[in-house]
There are 2 protein chains.
Amino acid sequence: MREREKEKTGTTEVALKILKAARGVFAEKGYSGARMDEIAGRAGVNKATLYYQIGDKDTLYAGVIHQVLGDVAGKIATAVSMAGHPREKLAAYIEVIDAAVDSNPELPPIMLREVASDGTHLPRVVLEDMAQVVTILAGIIEDGKKRGVFTEVSPFFIHCMIMGTILMYKKAATIKDRQPWLPAGMKNLDKKLKGSAGQAVARLVLRALDKQ
Amino acid sequence: MREREKEKTGTTEVALKILKAARGVFAEKGYSGARMDEIAGRAGVNKATLYYQIGDKDTLYAGVIHQVLGDVAGKIATAVSMAGHPREKLAAYIEVIDAAVDSNPELPPIMLREVASDGTHLPRVVLEDMAQVVTILAGIIEDGKKRGVFTEVSPFFIHCMIMGTILMYKKAATIKDRQPWLPAGMKNLDKKLKGSAGQAVARLVLRALDKQ
DNA sequence: AGATGGTTTAACCAAATGGTTAAATATCTG
DNA sequence: CAGATATTTAACCATTTGGTTAAACCATCT
């Protein structure tokens with residue numbers, strides 16, 4: 001029995017290779033556009049191995065979702081708890097999301113498509129994580145309101161604003177940069193962005209919530 | 001020859017029925033998830049009729065895109081030109097987008113998926129329309145900056161913020177409302193939204209851009 | 001070395017899918 | 001009404017796709 005790897009990590013090396021390939025293909029093509037053959041091929045593995053190691057397409061996709069969205073909620077929670085003032089907490093909240101997106105290029109397309117299809121493929125755990133994240137944001141805003149630094153706003157709406165802006169910007173920017181016919185002036189319309197997209201979002205959202 | 005309809009409108013009644021069905025299916029399932037048989041079935045038409053009236057899947061999808069995103073750019077342009085002050089222009093800009101989304105439930109999923117797949121299926125015309133829209137926004141912001149009412153920001157980024165927020169909110173809200181296990185407090189986290197989503201976006205974006 | 005059992009693979013399969021065809025059915029014109 | 005043309009349809013087809021199988025491969029233990 002050569003289960004040494006499985007015993008230690010819970011996942012074999014081959015399984016990780018497959019997951020990584022799948023992440024890429026699902027991100028590029030979406031669930032129904034992704035082909036099991038292509039995933040196997042990109043992982044450098046026979047298709048039967050894929051089925052042996054992981055299971056059917058649904059299971060594979062669930063694994064990818066877990067890999068991509070698995071620990072974001074936790075990271076947000078800890079980062080927020082480290083900050084003190086509501087404004088810092090909100091900035092941390094946004095920064096963690098931006099960092100997650102930055103370190104994971106597959107996140108935006110997968111998440112955008114999930115939202116587009118009403119989160120039908122999202123496992124309950126992930127939805128609960130998201131709910132918890134919004135609850136954290138609600139706490140930050142509530143606190144800020146009490147301390148007189150934030151105006152009254154809907155936390156759910158603000159969360160959509162943060163996520164929507166970051167996801168949309170990440171992808172739209174690459175689309176824009178891909179159009180050879182665009183005049184240079186147009187292409188530089190966001191080069192003046194000071195700092196990361198996350199910082200830009202934080203700056204604008206904080207201004208928007210600022211009590212005068 | 002019964003081309004009376006085609007001669008007048010350029011599109012027959014059957015073709016419109018098919019386009020409408022296709023819009024729904026593409027919105028729900030995405031390009032690769034959509035099945036020609038289902039579209040034909042939902043249109044109450046034989047599949048061969050679909051091919052006779054419209055053509056292959058690509059052509060059909062192009063038709064849907066045209067139907068969904070066709071005249072948004074134009075509407076934005078005229079609405080903005082009607083307003084006078086930069087703040088009013090920006091509000092009009094946002095309101096038109098929100099109205100387009102509201103009167104067209106298929107727009108958000110289709111657009112989100114397009115962005116997710118790097119706009120690969122978007123015809124050049126549509127991309128040019130979008131570029132024009134951002135140019136309009138750049139004009140508004142530039143004017144506002146000169147008049148000392150707006151801060152310095154990237155128009156492209158602000159456009160992503162507006163689109164991202166509206167699209168994300170529209171879909172995320174329906175996802176949230178579908179989760180029976182969510183506590184009522186969570187579900188009401190955005191019921192306090194004063195007015196439409198568009199108005200909420202306008203309020204926040206204007207606050208964010210406001211020079212103090 | 002040989003037996004054991006986990007792992008990989010080439011070949012295979014049934015179902016689904018985009019697209020076509022030839023015949024049937026309306027519709028219009030003279 | 002008859003002929004011509006436009007439109008719809010049932011049946012069909014080639015290919016793709018998710019998934020399986022039986023045999024080969026390989027690390028380990030005795």
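The sequence lines fix the lettering, A, B, ..., with proteins before strands; numbering per chain opens at 1.
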(message) Expressed as a whole number of angstroms, how long is the span from A/Tyr51:OH to C/dC13:P?
(response) 17 Å

(request) Go through C/dT9, D/dT7, C/dT8 for me and flag the one nearest to the A/Asn46 side chain. (result) C/dT9

(message) Looking at B/Ala27, is its backbone amide N or carbonyl O close enough to the side chain of B/Arg113 to form a donor-acceptor pair, meaning the two atoms are under 3.5 Å apart?
(response) yes

(request) State whether B/Asp190 and B/Lys176 are salt-bridged, where the test is any N-O pair (Lys NZ or Arg NE/NH1/NH2 against Asp/Glu carboxylate O) under 4.0 Å. (result) yes

(message) Please give me every residue in residues 15-36 of chain A whose heavy atoms get under 4.0 Å of an atom in DNA chain D, ordered by residue number.
(response) A/Ala34, A/Arg35, A/Met36

(message) Heavy atoms from C-beta onward define the side chain here; which of D/dT7, D/dG19, C/dA10 lies closest to that of A/Ala48?
(response) C/dA10

(request) Any chance you could measure A/Gln53, atom CD, to A/Thr59, atom OG1, to the nearest 0.5 Å? (result) 13.5 Å

(request) Calculate the interatomic distance between A/Leu50 atom CG and C/dA10 atom P; express it in whole Å. (result) 14 Å

(message) Would you say A/Thr49 places a side-chain N or O within less than 4.0 Å of OP1 or OP2 belonging to C/dT9?
(response) yes

(request) Whole angstrom is fine here: how far is it from CD1 in A/Ile54 over to P in D/dG18? (result) 15 Å

(message) In this structure, how many angstroms lie between the C1' atom of D/dA6 and the CD atom of B/Glu13, rounded?
(response) 16 Å

(message) What I want to check is whether the side chains of A/Thr174 and A/Asp177 have a donor and an acceptor closer together than 3.5 Å.
(response) no

(message) Counting only side-chain heavy atoms from C-beta out, which of D/dT20, D/dT8, C/dG18 sits nearest to B/Gln53?
(response) D/dT8

(message) C/dT7, OP1 or OP2 - any side-chain N/O from A/Tyr52 closer than 4.0 Å?
(response) yes

(request) Sequence neighbours left out, what passes ring-ring contact (aromatic ring centres under 6.0 Å, His included) with B/Tyr61? Give chain and number order. (result) B/Phe26, B/Tyr31, B/His121

(request) Run the salt-bridge test on A/Glu38 and A/Arg42 with the 4.0 Å N-O cut-off and return the result as yes or no. (result) yes

(request) Using the side-chain contact (heavy atoms from CB on, under 4.5 Å) rule, take A/Ile39 and A/Lys29 through it: C-alpha gap first, then chi angles, then the decisive distance, then the call. (result) CA-CA 11 Å; A/Ile39 295 174; A/Lys29 314 276 178 72; over 6 Å; no

(request) Report, as yes or no, whether the 6.0 Å neighbourhood of atom NZ on A/Lys20 holds more than 12 heavy atoms from other residues, nucleotides or ligands. (result) no

(message) Quick one, B/His66 and B/Pro123 - any side-chain contact, counting heavy atoms below 4.5 Å?
(response) no

(message) Whole angstroms only, please: what is the CG-P distance between B/Asp37 and C/dT20?
(response) 14 Å

(message) Below 4.0 angstrom, which residues in residues 55-66 of chain A have at least one non-hydrogen atom near DNA chain D?
(response) A/Asp56, A/Lys57

